[in-house]
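Report on the structure given below.
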Amino acid sequence: MERIDVHAHCVPPSYREYCLQSEFAGKGHPDGMPAIPVSPSEPDQHICTKQNIQEWSAEAHINLMTQLKIQKSVLSMSSPATHLTPGDNVEGRAVTRRANIDMSKICADHPTHFLFFASLPLPDVEGSLAEIDYALDQLGAVGFQILTNSHGIYPGDQRLARVFDKLSERKTIAFFHPTTCLIRHDDSVEKVIPLPGVPAPIMEFMFDSTRALMSLITSGTVERCPGINFVVCHCGAAFPPIMERIAAFSSMIPGSGDGISAEKIKQLLQTRFYFDLAGVPFPDQIHGLLRLVDSSRLVYGTDYPYTPAALAESLAKRADDGLRSLLGLEKTKQILLDNAQDLLGATRG
C-alpha cells in the first residue's frame, strides 16, 4: 500500500564526521550504539556491515522507498542531533546550519522523494530562533526535529518557552525524537546509563519520550502554543499506560499549577498530536495508544537507516497486517498515507 514516512533519517558525510570527532556524542557510537550509519563510499563502511548498521545514501533510501511504496520520506537528524557539545553554542549553530543545508540539498536533488524536518541548536535559544526563520524561509523545511531533552532541559521548561512560542507563531510541526537522558548540574551535563552496555534506543529512549510528552502537557506548553502540530515517536512510547497516573499526580509536577485531568490530556492528544508507528508497535503496544486516541492520529515511520532496510521491510508487513486486522483496510490506508498528508498539508498550505 502507498505510504508516507514521517520518521526517516539521513546521515550526510559532514554530519557523520562531526559525530566521529565529538567526545560527548560518543565518537561514532551514538547513545551506546555500535556505529553510526555510513555512506557506501566511505572507507569504514565494513564496520557498519559487520555490526548490522545500515549504510545511508539517497539512492539506498530511495530503493527502500520503492520496495515499500513510500511516496515521500521526511528526513531528519537522529540522536544526538546537532548541538553536540554542551555549552558550545558556536559549534552547535555551525553543525545545525550545515546539517539543515545538507538536508535541503538532498531534498532539492530528489524533490519527488524527500522533505525534511530541520534541526535546531537547542538548548541555545537565540540560535534556535534564528534557525527557525532561516530553515522555513530559505531552506524549505516542513517542520523541526527536537530531541526529547536538550542537554537535560525538557521541552516544557520555561527556558525554552520562546522557541515554542516562535514555532507556534510560524504554524509548523515539532517532531520529537528520543535521545539519551541527560542530567544537568551547575556546570556540566551527565549521561544517565542505568544498564551499562545496553544501547539507549533499546529501552531508555522510550522513557525519555515519555518524560518529554509529560513535560509538554503538564507545563501548559501545548495549550499555550496552538500553532504547533506535535509528533511523538514510537507509538507514544511508555506514556499511554501511565497517563492516568500522571494526571492523578500532576498537581505535584513543577509548573503544572493545579494539575491537569485525564480527560484534558486525552483531548490534547486527540487534537494536537500525531504518533508515528516506527519501531515495534505490533502486536501489543498499539492497543494502549488506541485507548487514548483514534486512528486519525497515527502516521507511518520506518526509522531508516537506524532500522536497517531488511528489518524495516519486515516491520512494515507486520504493521500492515496488524492494522488491517485491528482496524480494517480503509483505516489502514488512512494511517499509512492520508493522516500524514493532513499533517504536512496543514503547514504547507
Side-chain angles (χ1 to χ4, degrees), residues 1-9 64 68-71 73-74 78 148 173 175-178 200-214 216-217 222 229-247 262-263 265-304 306-308 310-344:
M1 283 184 281
E2 299 290 325
R3 64 193 77 211
I4 291 173
D5 183 359
V6 303
H7 186 161
H9 302 298
L64 176 70
L68 294 182
K69 297 183 179 180
I70 297 172
Q71 287 188 359
S73 288
V74 187
S78 186
T148 48
I173 297 168
F175 170 77
F176 282 88
H177 193 280
I202 294 176
M203 186 168 63
E204 300 306 322
F205 271 22
M206 304 297 278
F207 302 140
D208 214 61
S209 289
T210 302
R211 282 187 284 269
L213 184 50
M214 183 187 76
L216 281 168
I217 289 174
V222 176
N229 276 306
F230 297 91
V231 181
V232 176
C233 294
H234 303 304
C235 200
F239 188 86
I242 63 170
M243 185 277 291
E244 292 279 355
R245 182 178 181 86
I246 290 170
E263 291 72 23
I265 293 176
K266 289 181 181 180
Q267 185 264 331
L268 291 174
L269 296 178
Q270 178 62 38
T271 58
R272 303 295 310 287
F273 286 86
Y274 288 83
F275 299 85
D276 79 44
L277 298 179
V280 193
F282 294 93
D284 298 317
Q285 188 189 1
I286 185 68
H287 296 283
L289 181 60
L290 287 176
R291 290 182 64 86
L292 304 184
V293 300
D294 66 34
S295 62
S296 69
R297 312 313 292 180
L298 306 183
V299 290
Y300 175 74
T302 62
D303 209 354
Y304 179 82
Y306 293 83
T307 295
L311 180 55
E313 292 180 31
S314 173
L315 291 174
K317 183 180 187 308
R318 186 188 296 194
D320 291 359
D321 292 345
L323 288 170
R324 279 198 298 263
S325 175
L326 189 63
L327 298 169
L329 182 59
E330 288 306 311
K331 286 190 176 179
T332 298
K333 292 178 179 177
Q334 174 193 28
I335 291 165
L336 297 180
L337 184 64
D338 298 345
N339 293 348
Q341 288 178 331
D342 291 343
L343 169 66
L344 296 167

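Heads up: numbering here begins at 1 and tracks the sequence.
- What you find for T307 and A312 is that their closest heavy atoms are CG2-N, 3.7 Å.
- Here the CG-CD distance, from L268 to E263, works out to 12.0 Å after rounding to the nearest 0.5 Å.
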message = Between R291 and K266, does the side chain to side chain contact (heavy atoms under 4.5 Å, CB included) criterion hold? Intermediate values first, please.
response = CA-CA 9 Å; R291 290 182 64 86; K266 289 181 181 180; over 6 Å; no
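- Contact between R324 and T332 at its shortest, heavy atoms only, is N-OG1, 3.2 Å.
- Here the closest non-hydrogen pair linking P240 and G236 is CD-O, 3.3 Å.
- Between atom CD of residue E204 and atom OG1 of residue T210 there is a gap of 11.0 Å, rounded to the nearest 0.5 Å.
- L269 is not listed as a side-chain neighbour of V232, based on a closest heavy-atom distance of 4.5 Å or more.
- With contacts defined as side-chain heavy-atom distances shorter than 4.5 Å, the pair L289/R297 does not qualify.
- Using modelled atom types, one side-chain atom of R318 and one backbone atom of F282 make a donor-acceptor pair closer than 3.5 Å.
- Here the side chain of N339 pairs no donor or acceptor atom with the backbone of V299 at under 3.5 angstrom.
- S314 places no side-chain N or O within donor-acceptor distance of the main-chain N or O of A310, the cut-off being under 3.5 Å.
- Interatomic distance, L343 CG to F230 CZ, rounded to the nearest 0.5 Å: 12.0 Å.
- Listed here is the closest heavy atom pair of A237 and M206: CB-O, 3.2 Å.
- How far CD1 of I286 is from CD1 of I335: 7.0 Å, rounded to the nearest 0.5 Å.
- Within the 4.5 Å cutoff, side-chain heavy atoms of D276 are placed close to those of F175.
- Note on ring orientation: taking the six-membered ring where Trp is involved, the planes of H9 and H7 are perpendicular (angle over 60°, cut-offs 30° and 60°).
- Between D303 and A278 the shortest heavy-atom distance is CB-CB, 4.2 Å.
- Using a 4.5 Å heavy-atom threshold, the side chains of K333 and E330 count as touching.
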ask   = Is there a side chain to side chain contact (heavy atoms under 4.5 Å, CB included) between L216 and F176 once you walk through the steps?
value = CA-CA 11 Å; L216 281 168; F176 282 88; 3.7 Å; yes
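- A donor-acceptor pair under 3.5 Å is formed between the side chain of D5 and the backbone N or O of T302.
- No donor-acceptor pair closer than 3.5 Å links the side chain of Q71 to the backbone N or O of L337.
- Checking side-chain atoms of Q270 against main-chain N and O of D294 turns up a donor-acceptor pair under 3.5 Å.
- Between I217 and F239 there is a side-chain heavy-atom pair separated by less than 4.5 Å.
- To the nearest 0.5 Å, the span separating CG on L290 from CG on L327 amounts to 6.0 Å.
- Counting only heavy atoms from C-beta outward, the side chains of V293 and F273 never approach each other to under 4.5 Å.
- Rounding to the nearest 0.5 Å gives a distance of 11.0 Å between NE2 of H234 and CG of L277.
- In plain terms, the two heavy atoms of T148 and P178 that are nearest each other are OG1-CA, 3.4 Å.
- Applying the salt bridge (charged side-chain N to carboxylate O under 4.0 Å, His left out) test to K317 and every residue at least two apart in sequence or in another chain returns D321.
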Chi angles and distances behind the side chain to side chain contact (heavy atoms under 4.5 Å, CB included) call for L292, I265 = CA-CA 9 Å; L292 304 184; I265 293 176; over 6 Å; no
task = Applying side chain to side chain contact (heavy atoms under 4.5 Å, CB included), run through L329 and M1 and close with a yes or a no.
result = CA-CA 10 Å; L329 182 59; M1 283 184 281; 3.8 Å; yes
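- When side chains are defined from C-beta on, L344 counts as touching V74, because their heavy atoms get closer than 4.5 Å.
- Under a 3.5 Å cut-off, the side chain of R3 and the backbone N or O of Y300 do not form any donor-acceptor pair.
- Between Q334 and S296, some side-chain heavy-atom pair lies under the 4.5 Å cut-off.
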